[in-house]
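Read through the structure below, which is laid out as structure tokens, and then see the notes.
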Amino acid sequence: MLKIHFSGEDILRTRVAPAADPVWELVLSLHVLRGRTRDPLTANWRRSVARDLRQDSASEQLRLLFALNPPRGYFPDFLTPYASVEGFEAGLDALRRTPAELLHRDLSVLAAENQLPSSAAALARGEVSALHHLAESMEQYRSLAISPYWGRIQAAVAADRTRRARALLDGGVEGLLASLRPTMRWESGVLEVHSYPHSRELHLDGRGLLLVPSFFCAATPVALLDPALPPVLVYPVDRLGALVSADADVASGAARESLAALLGRTRAAVLQASDEGCTTGEVARQLNISPAAASQHATVLRNAGLLVSHRERNSVLHTLTPLGRAMLDA
């Protein structure tokens, strides 16, 4: 179990990342791609990416990147710099500037349980060419495995941020932290992460905590190993359905039949009301309809893949899926 200790100052400085973190998503997707779990929501993505890697000459060029990200266990802290919260390029710039002592330390920890290719030696010495090669490998892998699916990833993270925003408005930061159940439990100034692979205690010491919602994070949240680095906790979000590329993200015949049932002003208004997240009761009040009618309309929208619903205590929060967002934008 991981126990994260908060002071009053830490609570004030805790925040949620502003969007999906492209570097964290890239790194964690490597673990999903090569791991033993078979999540049906990422099955098509795994098959497609694996096929493209076999057909593309990129697989050999990505050898070091794969070696740095074994399917299970430790992976280097330097791969996910804090600067990535500002975007992919900011993250890669920070990666290229990683001090040699940090590279050597992280790679020594990794090499203790994994066999690394010879190219890792140059990286451990902090050679500029090795760092640039690693950054180029990440860009190459991103174009193949992440960019075509980025809209879905962003939408899932945005939906989670809406949930956390509601929890924050209703209960403050402590309400936000309490909303992270069931994988985590907030109690008496300590956030406990269940099923964490190692027993650890992290004292924030007034630095606060950056919560990073992630599509590719598996069931267990992830924290950096080095307690001196800015504290980050990456946690899984609801994936809102299967991961497909932008080109394939179209309604199937069954979905189109469901969409036909959506025609009408009331359901369009329910979809609009859910743009920023809305409970069933709030939908009913906004549209001047009964709660039962609001629930019924939300159910139809949800069955058609336009909404996702989460129960929070005595209310149900509705947010848009990527298909719902596309329909509303159109």
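Numbering starts at 1 and runs along the sequence shown.
For the side chain to side chain contact (heavy atoms under 4.5 Å, CB included) with V234, the lone residue among L28, L210, L224, T80 that qualifies is L28.
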Report, one line per pair, each donor and acceptor closer than 3.5 Å where one atom sits in a side chain of residues 95-103; sequence neighbours left out.
from	atom 1	to	atom 2	distance (Å)
R96	NH1	D93	OD1	2.8
R97	NH1	D93	O	3.3
T98	OG1	L95	O	2.7

List the atom pairs, donor and acceptor, that lie under 3.5 Å between side-chain atoms in residues 184-191 and the rest of the protein, sequence neighbours left out.
from	atom 1	to	atom 2	distance (Å)
R185	NE	E192	OE1	3.3
R185	NH2	E192	OE1	2.8

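Looking at N114 and Y74, their side chains never bring a donor and an acceptor atom within 3.5 Å of each other. S309 and H318 share a side-chain donor-acceptor pair at under 3.5 Å. Between Y141 and S29, the side chains place a donor N or O and an acceptor N or O closer than 3.5 Å (distance only, hydrogens not considered).
A 4.5 Å side-chain heavy-atom check between C217 and W24 finds every atom pair outside the cut-off. Between H194 and M1 there is a side-chain heavy-atom pair separated by less than 4.5 Å. Side-chain contact between P213 and V16: present, with at least one pair of heavy atoms (C-beta onward) separated by less than 4.5 Å. Here the side chains of V270 and L287 are in contact, with some heavy-atom distance below 4.5 Å. Contact of the I153 side chain with the F216 side chain is registered, since non-hydrogen atoms from C-beta on lie closer than 4.5 Å. A 4.5 Å side-chain heavy-atom check between L65 and L62 finds at least one atom pair inside the cut-off.
Here the shortest heavy-atom pairing between F6 and I4 reads CD1-O, 3.4 Å.
A side chain to side chain donor-acceptor pair (under 3.5 Å) check over residues 203-216, counting only residues at least two apart or in different chains, returns the pairs E25-S214.
Of the possible polar contacts, none joining the R239 side chain to the A156 backbone as a donor-acceptor pair under 3.5 Å is found.
In this structure, R152 is not positioned above the aromatic face of F215 in the sense of NZ or CZ being under 6.0 Å from the six-membered ring centre and within 45° of the axis.
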Hey, mind stepping through R105 and D226 against salt bridge (Lys or Arg N to Asp or Glu O under 4.0 Å) and telling me if it holds? CA-CA 10 Å; R105 181 201 63 188; D226 186 356; 2.7 Å; yes
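In this structure, H31 has its ring center under 6.0 Å from that of F75.
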